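Chain A is the first sequence line, chain B the second, and so forth, proteins listed ahead of strands; every chain is numbered from 1. This one's a predicted model, so the numbers in the text were calculated from it and none came from an experiment.
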Amino acid sequence: MDRYYITTSIPYINGEPHIGHTYELLTADVLARYARQQGKNVILSTGTDEHGGKIQEKAQELGKPIREYADEMSARWRELGSIVNMSNDRFIRTTDAGHEQRAGLIWKSLEKFIYKAKYSGWYCTGCEAFVTESTAKENGGVCPIHNRPYEKIEEDNYFFKLSGFSKAIEEAITSGTFRIVPDTRKNEILGIIKEGVEDVSISRPKEKISWGIPVPDDPDQVMYVWFEALMNYITVLGYPEHQDFKDFWPADVQVIGKDISRFHALIWPGMLMGLGVELPKALYVHGFINIDGKKISKSLGNVVHPREAVEKHGIDALRYYVLRHTPSYGDGDFTWEKFENAYNGELANELGNAVSRTEAMITKYQKGVIGNIPPSEHDSAQYRKYMSEFRFDRALEEIWEQIRGLNQYIDEQKPWVIAKSGDSEHLQQVLAYMCSDLLEVGELLQPFLPDTSARIKEIFSTGVIKPSQTNLFPKTQIKQP
RNA sequence: GGCAGGGUAGCUCAGCUGGUUAGAGCGCAGGACUCAUAAGCCUGAGGUCGGCGGUUCAAGCCCGCCCCCUGCUACCA
């Protein structure tokens, strides 16, 4: 059986989940469901990244044991997946014993590419990263993201010889064995490579940061959180010895946000090459969701939690909005007005109503009996092409074109006129065709709107209408005349 | 500063290797209908395709210069 392995990045648990974080979970979920629909054996993995100084600090601030804080936050992120009906098979925490133990093994395996050296530079605890001298000055010595001063740090670090892999990584990218989508992100990475890739620091002194995985055979150092977190993609499969790893790696696609493409397109491939392990086949880099044109941020007070949207119109409505109206290759925008418009216009009026009128006519004219449903006849090549390109927005547009086509068909055929004419054979053909069309829509919709898809199939697939108790997408706002 | 991608109807965007009257969705205006969630369908208005210049029989698409936006990256101080 074909196997399909897909991962999301694992969010760092220092922050609260919001609607922007659903995009990654949902795109990965769509790909996973699409693969399952094609009969593939799928593993969809997500999780949380929990080590590092920032977590340590945050827990201290709250006066909690770190572990307890991590448990609470991880649970909150796990909940996000269930809120949007994500069908993940795994949920890995970097504090899982298995991950920690395997991370040690991976470090050992990479040792011939690891060396110790003095590192000196400006460091932001918020970013968990060093910045260049120039960046530090440019920002006036204060990190603009976290609004805290950079610290001058001089310390012993282990380094990973990433520079040695740069050529091979470039080749993997240009040849297409390691596909980066969209092209703009690919070109960015190639640009970075062209300018020269340096070795990266992969450890921190334990005296500064204790909340991390110890470096094997050196009690004074812990692994740099990024280096260790990337390993989750294979530790979750039980690298190196477990059968899952042998069966499912390399990943078919890894879904990440545009802010972390550097780690996933350079460091991670370098690590894999060091291990002698294949690179993932594809990296899909998505953008961000803004709210009313502005970046989502606590300080702006514009944070929307996906739960609010789900409470309003249900899970599939949120999934629909996020997947259709966030450009797959760019940034999206959420406003309640846009959400309402998409819900009322596209889900309720176009899809919901098409289902409703079809069901009603068959019930009214044929006592619910559909009869023979002809096979679907639409060409789904374009849809499949979009899916292979991770163009979820376009794929949904394709489906809606078909839904519009159905509504037009109904108005052209005028089944209510045929019914009056008494040509029952013709009427049956027209109504059955409508069902066929809707069942096809339901099939295409399955990866995106699993509940809606199931309901459509339930109503029409048996040859006799199974009456729906409620409308698919009830309208909540009635326009005043 | 360098590299990359953009600037097309009120809004969000599509326009393949240059070729008849520049497209879609939303919004707006009008119309015909009634199966349906007062939904759906039809018609229409609306664009000097960022600016200037050039190549061509012909440019939104090619070339030059300029303005603006976004991303990555560098440097100065």
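Remark: P of B:U70 and CD of A:Glu188 are 15 Å apart, rounded to the nearest angstrom. Atoms CG (A:Asp292) and C1' (B:C11) sit 13 Å apart, rounded to a whole Å.
Across all strands, A:Phe473 comes closer than 4.0 Å to base atoms (heavy-atom distances). At the heavy-atom level, A:Lys364 lies under 4.0 Å from the strands shown only through sugar-phosphate atoms. Here A:Gly191 lies out of heavy-atom contact (under 4.0 Å) with every strand. Using a 4.0 Å heavy-atom criterion, one finds that A:Arg324 contacts no nucleic acid atom at all. Here A:Leu472 lies in heavy-atom contact (under 4.0 Å) with a base. In this structure, A:Ala348 reaches the bases: a heavy-atom distance under 4.0 Å links it to at least one base atom across the strands shown.
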Bracket notation of RNA chain B in which parentheses pair within the strand, [ ] cross earlier pairs, and | pairs with another strand (Watson-Crick or G-U, under 3.5 Å): (((((((..((((.....[...)))).((((.........)))).....(((((..]....))))))))))))....

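Rounded to the nearest Å, the gap between the C1' atom of B:G60 and that of B:C49 is 5 Å. When the C1' atom is used for both B:C3 and B:U48, the distance is 33 Å, rounded to whole Å. With P as the reference atom, B:G64 and B:G2 are 15 Å apart, rounded to whole Å. Taking the C1' atoms as reference points, B:G54 lies 34 Å from B:G10, given to the whole Å. The same atom, C1', is picked in B:G15 and in B:U73; the two are 32 Å apart, to the nearest Å. Nucleotides B:G44 and B:G5 place their C1' atoms 36 Å apart, quoted to the nearest Å. Taking atom P in both B:U37 and B:A45, the straight-line distance is 34 Å, to the nearest Å. B:G27 and B:G18: their P atoms are spaced 37 Å apart (whole Å).
Contact annotation: A:Lys475 reaches the phosphate of B:A39 (side-chain N/O to OP1 or OP2, under 4.0 Å).
Sequence neighbours left out, the pairs with a member in residues 443-457 of chain A that pass salt bridge (Lys or Arg N to Asp or Glu O under 4.0 Å) are A:Glu443-A:Lys457. Counting only residues at least two apart or in different chains, salt bridge (Lys or Arg N to Asp or Glu O under 4.0 Å) contacts with residues 416-431 of chain A are absent. Screening residues 255-274 of chain A for salt bridge (Lys or Arg N to Asp or Glu O under 4.0 Å), with sequence neighbours left out, gives A:Lys258-A:Asp331.
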Got a list of protein N/O to nucleotides 41-44 of chain B N/O distances below 3.5 Å?
unit_1: B:C41; atom_1: O4'; unit_2: A:Asp411; atom_2: OD1; d: 3.4
unit_1: B:C41; atom_1: O4'; unit_2: A:Asp411; atom_2: OD2; d: 3.2

Steps toward salt bridge (charged side-chain N to carboxylate O under 4.0 Å, His left out) verdict (A:Arg324, A:Glu346): CA-CA 11 Å; A:Arg324 165 102 188 251; A:Glu346 291 155 11; 3.8 Å; yes

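Comparing A:Arg262 and A:Asn187 by the nucleotide of RNA chain B whose heavy atom lies nearest to each, the residue mapping closer to the 5' end is A:Asn187. Mapping A:Glu195 and A:Pro327 onto RNA chain B by nearest heavy atom places A:Pro327 at the nucleotide closer to the 5' end.
Taking 3.5 Å as the limit, the base of B:A36 and the side chain of A:Asn353 contain a donor-acceptor pair of atoms between them.
Annotation: side-chain hydrogen bond (donor to acceptor under 3.5 Å, both in side chains) contacts of A:Lys167 (sequence neighbours excluded): none. In this structure A:His21 satisfies the ring-ring contact (aromatic ring centres under 6.0 Å, His included) test together with A:His18, A:Trp77, sequence neighbours excluded. Checked against ring-ring contact (aromatic ring centres under 6.0 Å, His included), A:Trp336 has the following partners two or more places apart in sequence or in another chain: A:Phe334, A:Phe339. Legend: residues meeting ring-ring contact (aromatic ring centres under 6.0 Å, His included) with A:Tyr158, ordered by chain and number and at least two apart, are A:Trp107. Residues forming a side-chain hydrogen bond (donor to acceptor under 3.5 Å, both in side chains) with A:Thr8 (at least two apart in sequence, or on another chain): A:Thr46.
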Side-chain donor-acceptor distances from residues 406-413 of chain A under 3.5 Å, at least two apart:
unit_1: A:Asn407; atom_1: OD1; unit_2: A:Arg357; atom_2: NH1; d: 2.9
unit_1: A:Asn407; atom_1: ND2; unit_2: A:Glu350; atom_2: O; d: 3.4
unit_1: A:Asp411; atom_1: OD1; unit_2: A:Arg357; atom_2: NH2; d: 3.1

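Residue A:Lys194 places its NZ atom among 12 or fewer non-hydrogen atoms of other residues, nucleotides or ligands, all under 6.0 Å distant.
No side-chain N or O of A:Gln254 forms a donor-acceptor pair with one of A:His264 less than 3.5 Å apart.
Residues from residues 425-458 of chain A that place a heavy atom under 4.0 Å from any atom of RNA chain B: there are none.
Below 30°, between 30° and 60°, or above 60°: for A:Trp268 and A:Trp249 the angle between ring planes is above 60°, a perpendicular geometry.
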